[in-house]
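To start, the structure under review is shown below, and the notes come after it.
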Amino acid sequence: MLEKAYDPKPVEEARLASWDAAKLSHSEPVAGKKPYTIVIPPPNVTGALHIGHALNNTLQDALIRHHRMLGGESCWVPGCDHGGIATQNVMEKQLKSEGKSRFDLGREAFLERMQAWTRDCKKTILGQLHRLGASLDWEREAFTMDEPRARAVFHAFKTLWERGLIYRGERLVNWCVRCGTALSDIEVEREERKGALYHIHYKNADGGDGIVVATTRPVTMFGDTAVAINPKDDRWKHMVGKKVLIPLIDREIPIIEDSYVDFEFGTGGLKVTPAHDQNDWELGERHQLPAIKAIGPDGKLTEAAGPYAGLSREKAHDAVTADLEAKGYLVKKEDHRSAVQACERCGSVIEPLLSLQWFVKQTELAKEPLRALDAGEFKIYPKNWEKPYRDWLVNIKDWCVSRQIWWGHRIPVWYKEGEKPVVSLDSPGAGWTQDTDVLDTWFSSALWPLSVFGWPEKTRDLDYYYPTSTLVTGYEIMYLWVARMQMMGHAFMGKPAFPVAVMNGIVRDKSGKKMSKSLGNVIDPLVMMDKHGTDALRFALMAQAFPGKDIAFDEQSVVGARNFVNKLWNSTRFVLMNLPETPAVYALSADYLEASDRWILSRYQQVISRAQASLDAYDPAAAAQELYVFLWDEFCAWYIELAKGRLTGPEGAGKDAVRAVLVQVLAGSLKLLHPIMPFVTEELYAAIKPFAGESAEFILKSGYPKLGADWSNPAIEKEMGKVMGAVNAIRSLRSQLNVPPGLKIKAVVDGEVRHHAYLLLLAQLESLEPMSGGRPAQSATAVADGATFHIALAGVIDFAKERERLAKDLAKAEGDIEKRAAKLKNMSAAANAPAEKVAEAKEQHDAALARRDRLKETIAVLS
RNA sequence: GCCCAGUUGGCGCAGUGGUAGCGCGCUCCCUUGACAUGGGAGAGGUCAUAGGUUCAAAUCCUAUACUGGGCACCA
């Protein structure tokens with residue numbers, strides 16, 4: 001017999017062990033069978049998983065399990081991402097705490113240490129996924145930097161190079177001074193920061209008045225190669241063609257005209273620094289201006305800054321502004337808010353820096369993904385993400401893929417004095433040296449759906465599993481990852497990597513703030529699992545995972561889910577208690593069924609299709625809620641209570657019939673819940689399956705629930721609705737009169753109501769007789785739809801109070817009638833109101849009238 | 001500046017034309033043989049605002065306000 005309360009820990013451990021032993025989540029190509037494939041968004045090896053991973057992976061697991069139950073060959077590929085800069089930063093922090101830097105170790109020793117760290121980290125992460133119940137195909141574990149993936153990366157690089165889509169060139173790139181590397185455009189975040197706008201006087205070289213320019217960053221002036229004005233700007237027109245001197249260093253630069261300059265901003269004079277600003281770079285190109293670097297890759301000023309050379313950006317800023325003021329160059333300083341770019345990984349301010357980098361041309365690669373989107377070959381859920389995705393592809397810029405870090409795939413290009421560079425995995429021979437940069441981590445991530453199946457080899461797996469079926473990931477990496485996988489998929493396989501991408505939201509704290517270590521509001525999924533059980537965490541997340549929406553996560557939701565798990569446990573316990581010890585099969589049959597049986601079967605049938613439809617629409621929250629309400633409010637609260645009538649009675653066909661309904665509906669519900677709560681459902685299924693006539697070793701292999709016949713029965717649902725209404729009315733009356741819940745009372749009924757036995761059972765009635773003659777003395781009245789109940793309570797009833805209570809009911813009823821009458825009037829007057837709806841409204845209106853009349857009648861008798 | 005999403009009871013959220021729902025919290029009652037991780041009964045919302053379409057609007061349209069996000073930015 002089951003314990004009184006569900007204890008997750010032993011069940012989870014035992015079930016995981018049995019699933020592993022049976023290799024339940026392993027997949028091999030099966031000829032003629034269409035696979036359902038998902039590749040995991042590989043977590044970075046930066047530490048442990050957070051609650052967002054729990055959401056993302058539960059979502060995928062639910063889809064995988066669901067498809068497996070539907071009979072598909074499901075394959076979910078696990079793995080981790082080496083995580084480039086993010087991971088290197090973690091290691092550098094570690095080193096720093098030891099008082100070292102990566103340069104102290106040297107490249108080789110550093111990479112060795114990274115490998116060791118990676119091994120540990122992978123173990124942690126995969127262990128956590130396992131613990132979460134993720135039915136990943138563990139034999140297919142991949143890593144973005146393992147040998148097969150390295151081959152894929154090399155092949156991709158080489159192919160793109162040969163197609164002329166990769167080039168090296170000196171461009172202005174986003175440079176993170178702290179990380180010491182270039183970044184792509186989407187790895188920088190923009191934020192508005194408070195700053196100042198400095199108006200600086202540049203004197204004429206020949207001694208004239210000169211010009212005043214406005215800038216937020218005076219330090220960049222050492223890289224100025226011109227001052228630009230708008231050709232329509234009369235204030236400065238006379239300056240065109242003249243030369244001015246950069247303050248403090250007195251280097252001569254020309255005044256040029258360009259319509260880019262906004263003469264309403266600042267002073268109308270724009271200092272042009274091609275080496276440190278994108279717009280200035282473009283201006284420089286137009287006017288063939290030289291680019292002078294004033295700031296180096298280390299964030300310090302260069303020789304171009306004369307006396308300030310060697311100072312950091314920040315120190316130089318202070319020194320330069322102070323000197324400008326002291327020497328009278330500073331005309332004005334005003335408060336100014338400006339957009340600053342920050343490194344997404346470390347938050348430091350990005351320096352636009354001219355440097356030699358590798359780029360992947362994007363315009364051509366974006367063509368096929370765009371076509372696929374427009375052709376409906378690729379869909380994003382929820383759909384509103386499709387527009388930003390399209391816009392990004394349309395306006396795409398070349399992708400800077402080289403990073404000046406050590407952790408990553410080294411760029412497979414070799415150089416030798418006097419030779420053309422060669423693309424090769426290994427050294428082409430003596431005297432050749434390899435490029436020291438590594439590739440952007442997203443380069444290997446972009447190949448993930450291909451590389452995990454052995455591409456570039458034409459493997460059986462690749463042929464079978466590619467393209468994958470669904471990608472589930474957070475919307476924050478739609479450009480970084482989703483779009484790039486599609487580009488690579490089209491480029492190398494001629495097909496999208498997946499026809500569907502499902503975007504999950506961000507798990508925030510309960511007040512809606514993003515979780516972060518510094519805020520101290522991080523929720524550890526492991527802690528939640530330990531405290532409340534894995535199924536509870538999974539259910540809590542799924543129940544809130546509305547498509548694309550962020551979740552405000554409150555631990556209370558897990559407690560609620562834990563209670564639900566326990567409810568499920570106990571409902572099974574109840575059913576088992578009412579079954580014989582020696583298993584017998586209770587198959588569903590139409591014989592001996594009562595109204596309540598037909599009612600729950602009708603409801604159950606609807607739930608089966610709705611749960612499936614919701615999951616098919618990638619709406620797990622709808623499925624979870626549907627199942628929650630069905631199980632708790634309908635199966636437990638009503639059906640089990642009604643079943644007790646027969647279960648406490650004598651053995652016989654009727655009792656076996658109710659057992660069959662209990663067993664079959666419960667077993668099916670467990671299957672429906674399994675994708676969301678795998679552990680408890682497996683445990684309970686094992687206990688119930690002999691009675692359900694099933695023999696699958698695992699619930700996952702038991703198939704999706706189906707009903708042999710069509711049990712849909714709207715008439716019974718309506719009929720039972722009336723019974724429930726009557727029960728509620730009597731219960732309400734009892735409660736208001738403070739009748740003890742256990743006390744059985746006598747009642748008489750005026751009007752027609754069916755299923756007296758149900759009323760006796762659920763409303764705690766001793767008897768229910770049809771009213772003969774008048775209303776019983778000393779009684780209170782409950783008015784339900786179609787029937788009036790009087791319960792005799794000698795000595796208990798305060799007539800004044802009873803009248804008051806009924807008057808309140810009457811007021812409600814009158815209000816109700818008013819609304820219904822207005823609606824009916826509207827509809828009747830309208831020519832285009834559907835007849836069916838009008839009839840419905842009429843029926844409701846008449847019922848309300850009848851109810852009011854019966855209330856009035858009762859009140860009249862009382863007074 | 002452009003675009004997208006959101007605005008529903010104390011809190012978190014469902015609800016795409018026909019009498020406002022759920023979870024949590026709150027109030028009262030109940031340890032009745034599945035479950036107090038439970039049961040029963042309640043209180044609590046003019047569905048952001050203003051217009052419009054419609055017989056009928058939380059739901060469709062248009063504006064406005066606020067919140068969040070994406071994109072692009074004037075140095």
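A note on names: the letters A, B, ... follow the listed sequences, proteins ahead of strands, and every chain is numbered from 1. Fair warning: this is a prediction, and the values are worked out from it, not measured in the lab.
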Contacts satisfying salt bridge (charged side-chain N to carboxylate O under 4.0 Å, His left out) that involve residues 639-649 of chain A (not counting sequence neighbours) are Glu594(A)-Arg646(A), Asp597(A)-Arg646(A), Glu641(A)-Lys644(A)

Tell me whether the side-chain N or O atoms of Glu641(A) pair up with the base of rA34(B) as donor and acceptor below 3.5 Å, since no angle test is needed here. yes

Whole angstroms only, please: what is the CD1-P distance between Ile730(A) and rC29(B)? 23 Å

The complete set of salt bridge (charged side-chain N to carboxylate O under 4.0 Å, His left out) pairs with one or both residues in residues 728-741 of chain A, sequence neighbours excluded, reads none

Scan Lys837(A) against the nucleic acid and name what it touches under 4.0 Å (heavy atoms): base, sugar-phosphate only, or nothing. base

Between residues 261-269 of chain A and RNA chain B, which residues have a heavy-atom gap below 4.0 Å? Val261(A), Asp262(A), Phe265(A)

Any side-chain N or O of His199(A) under 4.0 Å from OP1/OP2 of rA75(B)? no

Base, sugar-phosphate, or nothing for Asn728(A), non-hydrogen atoms under 4.0 angstrom? sugar-phosphate

Could you state the interatomic distance from OG1 (Thr321(A)) to OH (Tyr198(A)), rounded to the nearest 0.5 Å? 5.0 Å

Scan Arg562(A) against the nucleic acid and name what it touches under 4.0 Å (heavy atoms): base, sugar-phosphate only, or nothing. base

Per atom distances to the Asn566(A) side chain, the nearest of rA34(B), rU37(B), rC13(B) is rU37(B)

Let's test your reading of the model: under 3.5 Å, does the base of rC35(B) pair with the side chain of Lys567(A) as donor and acceptor? yes

Just to verify, what does Arg337(A) make a side chain to side chain contact (heavy atoms under 4.5 Å, CB included) with, not counting sequence neighbours? Glu192(A), Lys194(A)

Given the side-chain rings of His276(A) and Phe222(A), with only the six-membered ring counted for Trp, is the space between their centroids under 6.0 Å? no

Specify the separation, in whole Å, of atom NZ of Lys549(A) and atom C1' of rA5(B). 9 Å

Measure the acute angle between the ring planes of Tyr479(A) and Trp392(A), then classify it against the limits of 30° and 60° as parallel, tilted or perpendicular. parallel

With sequence neighbours excluded, give me every salt bridge (charged side-chain N to carboxylate O under 4.0 Å, His left out) pair touching residues 819-841 of chain A. Asp816(A)-Arg820(A)

Secondary-structure stems, RNA chain B, at least 3 Watson-Crick or G-U base pairs under 3.5 Å: B:1-7 with B:65-71, B:10-13 with B:21-24, B:26-30 with B:38-42, B:48-52 with B:60-64

Counterpart residues, salt bridge (Lys or Arg N to Asp or Glu O under 4.0 Å), relative to Glu555(A) (two or more places apart): Lys531(A)

For nucleotides 22-28 of chain B, read 5' to 3', which letter fits each nucleotide if B means a protein heavy atom sits under 4.0 Å from the base, S means only the sugar-phosphate is that close, and - means neither? -SS----

What pairs of donor and acceptor atoms, side-chain ones from residues 570-577 of chain A against any protein atom, are under 3.5 angstrom apart with sequence neighbours left out?
unit_1	atom_1	unit_2	atom_2	d
Asn570(A)	OD1	Arg573(A)	NH1	2.9
Asn570(A)	ND2	Lys4(A)	O	3.1
Asn570(A)	ND2	Asn566(A)	O	3.2
Ser571(A)	OG	Lys567(A)	O	3.1
Ser571(A)	OG	Leu568(A)	O	2.8
Thr572(A)	OG1	Leu568(A)	O	2.9
Arg573(A)	NE	Leu2(A)	O	3.4

Salt bridge check, Glu814(A) against Lys812(A): does any charged N sit closer than 4.0 Å to a carboxylate O? no

Contact class for Ser732(A) (heavy atom, under 4.0 Å): base, sugar-phosphate, or nothing? sugar-phosphate

Over all strands shown, is Tyr479(A) touching base, sugar-phosphate only, or nothing at heavy-atom distances under 4.0 angstrom? sugar-phosphate

Residue list, salt bridge (Lys or Arg N to Asp or Glu O under 4.0 Å) with Asp550(A), at least two apart or on another chain: Arg508(A)

Answer yes or no: does a side-chain N or O of Asn570(A) lie under 4.0 Å from OP1 or OP2 of rG38(B)? no

Counting only side-chain N and O atoms of Lys4(A), is one of them less than 4.0 Å from OP1 or OP2 of rU37(B)? no

Give me the distance, rounded to whole Å, that separates rG45(B) from rG39(B) when you measure between the P atoms they each carry. 26 Å

In whole Å, what is the span from the CD atom of Glu189(A) to the P atom of rG69(B)? 11 Å

Above 12 or not: heavy atoms from other molecules or residues under 6.0 Å from CD of Gln278(A)? yes

Tell me what Ala552(A) touches on the nucleic acid: a base, only sugar-phosphate, or nothing, going by heavy atoms under 4.0 Å. sugar-phosphate

Taking the same atom, P, in rU7(B) and in rU59(B), what whole-Å distance lies between them? 11 Å

For Leu2(A), report the nucleic acid contact type (base, sugar-phosphate, nothing); a contact means any heavy atom under 4.0 Å. nothing

Would you classify His845(A) as touching base, sugar-phosphate or nothing, given that sugar-phosphate means primed atoms plus P, OP1 and OP2, and contacts are heavy atoms under 4.0 Å? nothing

Quick check on rU32(B): is either OP1 or OP2 less than 4.0 Å from any side-chain nitrogen or oxygen of Lys644(A)? no

Using the ring of each side chain (for Trp, its six-membered ring), is Tyr475(A) parallel, tilted or perpendicular to Trp385(A), with breaks at 30° and 60°? parallel

Return the set of residues passing side chain to side chain contact (heavy atoms under 4.5 Å, CB included) with Pro8(A) (not counting sequence neighbours), or none when no residue passes. Tyr6(A), Glu12(A)

Check nucleotides 54-61 of chain B for protein N or O atoms closer than 3.5 Å to its own N or O atoms and list the pairs.
unit_1	atom_1	unit_2	atom_2	d
rC55(B)	O2'	Asn826(A)	OD1	2.9

Is it true that Asp258(A) and Arg286(A) have a side-chain N and a carboxylate O under 4.0 angstrom from each other? yes

